[in-house]
Amino acid sequence: MKLGQPRQHFAEIDSTNRVALDWHDAPHGALVWADAQTAGRGRLGRSWQSPAGKGLYFSLILRPDEPNPARFALLAGLGVARGIESVCDLPVACKWPNDILCNGRKIGGILCETQGERLIVGVGLNVTHQQDDLPDRPIFSASSLLLESGEIFPTEPLLESILSALEATFTQTNWRADYENRMWGKGEVAKSNGVLGVVDGIESDGQLRLRTADGPKKVVAGELEYI
Ligand code: BTN
């Protein structure tokens, strides 16, 4: 399954996820990407700051057998982390459920949305943002590849590297251990959806596994707060 074809590119658009959702006859693997977004969407109704030419903002349209957004958010996070690492000499971690971290700071995020049998995987990555371009975040402060490495990475080779890594990751069967190896905060105490426990890992359907005083518990979706 070739990802990234056909593709639509925009100098500026409201949201690549919005365009992808409206592109009803797009085949599996189609791509929408933009140099800037005026209404970039984040998880839980948040916005995603998308200044012109500074980041990678794209959405893939998939038609998988099971369009489970929670599972694909983790697969996409793993693929994006691998794609970044094959271009940049930086350690990239995944924070359940959708954050991409570098040195404990958030450099990117995934927003999966479904419509019938179609699954939209939206990826936002801060590439050449300076601190002033980024939102204030109380924990896991925002950063960019430039701020973490001191280097400017051109967005197109980065996009192609991430697409190749996503293609390999989406078809990998034994991906869970790889995700857990680069999972932020595994083994630490955290709280999610009112459940307090030690972060133990993930399930292949995207759920988080916590070891609690009452035994193992699974969390379907939500925020993960480290204590
Ligand atoms: C998050 O961390 O909250 C997820 C952010 C996802 C942002 C990307 S940018 C490209 C795509 N289009 C959107 O409107 N959102 C996603």
Side-chain angles (χ1 to χ4, degrees), residues 3-4 7-23 26 29-62 69-81 83-84 92-102 104-115 118-129 133-145 148 155-156 158-160 162-163 165-166 179 183-185 192 206 208 221-226:
L3 294 183
R7 56 179 71 184
Q8 292 190 50
H9 174 253
F10 298 89
E12 183 180 282
I13 199 72
D14 52 349
S15 154
T16 58
N17 264 38
R18 197 277 301 157
V19 175
L21 282 162
D22 286 349
W23 187 3
L31 174 78
V32 180
W33 67 294
D35 300 335
Q37 295 183 119
T38 53
R41 312 208 286 230
R43 272 181 79 240
L44 308 172
R46 297 182 188 126
S47 60
W48 186 260
Q49 290 183 21
S50 315
K54 301 218 167 184
L56 205 47
Y57 320 113
F58 70 88
S59 304
L60 277 170
I61 299 157
L62 305 181
R71 170 184 163 88
F72 273 89
L74 304 195
L75 279 167
L78 178 59
V80 170
I84 297 169
V92 184
C94 298
K95 176 177 171 282
W96 186 91
N98 76 314
D99 294 339
I100 312 288
L101 303 184
C102 182
R105 290 183 279 274
K106 177 162 173 166
I107 56 165
I110 312 287
L111 176 66
C112 288
E113 299 183 271
T114 49
Q115 191 186 64
R118 298 190 317 140
L119 181 93
I120 311 302
V121 178
V123 177
L125 180 65
N126 303 330
V127 181
T128 55
H129 295 58
D133 302 315
L134 294 165
D136 279 333
R137 289 172 48 91
I139 41 170
F140 299 107
S141 61
S143 192
S144 68
L145 295 179
E148 294 309 311
T155 46
E156 286 199 45
L158 202 51
L159 172 65
E160 296 310 326
I162 291 174
L163 289 175
L166 286 170
Y179 184 97
M183 183 178 186
W184 181 267
S192 186
L208 173 74
E223 294 291 272
L224 181 57
E225 181 196 345
Y226 290 90

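In listed order, ligands and their atoms are each counted from 1.
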| query | Taking N or O atoms only and a 3.5 Å limit, does Asn98 qualify as a polar contact for ligand 1? | reply | yes
| Any residue meeting ring pair (Phe, Tyr, Trp, His ring centres under 6.0 Å) with Tyr57, in chain and number order, not counting sequence neighbours | none
| Under-4.0 Å salt bridge between Lys95 and Glu225 | no
| request: Could you list which atoms of ligand 1 come closer than 4.0 Å to a heavy atom of Phe58? | output: 10 (C), 11 (C)
| said: Give the atom numbers and elements of ligand 1 that come within less than 4.0 Å of a heavy atom of Gly124. | reply: 7 (C), 8 (C), 9 (S)
| Gly40 neighbourhood, listing ligand 1 atoms whose heavy-atom distance to it stays under 4.0 Å | 14 (O)
| With a 4.5 Å heavy-atom cut-off, do Leu62 and Phe72 have their side chains touching? | yes
| task | Mind listing the closest non-hydrogen atom pair of Gly122 and Asn17 along with its distance? | result | CA-OD1, 3.1 Å
| task | Taking only heavy atoms of Thr16 into account, list the atoms of ligand 1 that are under 4.0 Å away from them. | result | 10 (C), 11 (C), 12 (N)
| message | Run the side chain to side chain contact (heavy atoms under 4.5 Å, CB included) test against Cys94 and tell me which residues pass, sequence neighbours left out. | response | Ala81, Tyr179, Arg182
| task | For ligand 1, indicate whether the residue Ser59 contacts it via side chain, backbone, both or neither (heavy-atom separation under 4.0 Å). | result | side chain
| said: How far is atom 3 (O) of ligand 1 from the closest protein heavy atom, and which atom is that? | reply: Arg43 N, 2.7 Å
| Considering all heavy atoms of both residues, which atom of Ser15 and which atom of Ala39 are nearest to each other, and what is their separation? | CB-O, 3.5 Å
| What are the two closest heavy atoms between Asp14 and Gln37, and how far apart are they? | O-CB, 3.4 Å
| Which of the numbered atoms in ligand 1 are below 4.0 angstrom from a heavy atom of Ile110? | 4 (C)
| message | Yes or no: does Gln37 have any heavy atom under 4.0 Å from an atom of ligand 1? | response | yes
| request: List the closest protein heavy-atom neighbour of atom 6 (C) of ligand 1: residue, atom name, distance to the nearest 0.1 Å. | output: Arg41 O, 3.5 Å
| request: Please report the C-alpha distance between Trp184 and Tyr226 in whole Å, then the side-chain angles of each, then the deciding distance to 0.1 Å, and finally whether the side-chain contact (heavy atoms from CB on, under 4.5 Å) criterion is met. | output: CA-CA 10 Å; Trp184 181 267; Tyr226 290 90; 3.8 Å; yes
| request: Return yes when Lys106 approaches ligand 1 closer than 4.0 angstrom through a heavy atom, no otherwise. | output: yes
| query | Which protein heavy atom lies closest to atom 5 (C) of ligand 1, and at what distance to 0.1 Å? | reply | Trp48 CE3, 3.4 Å
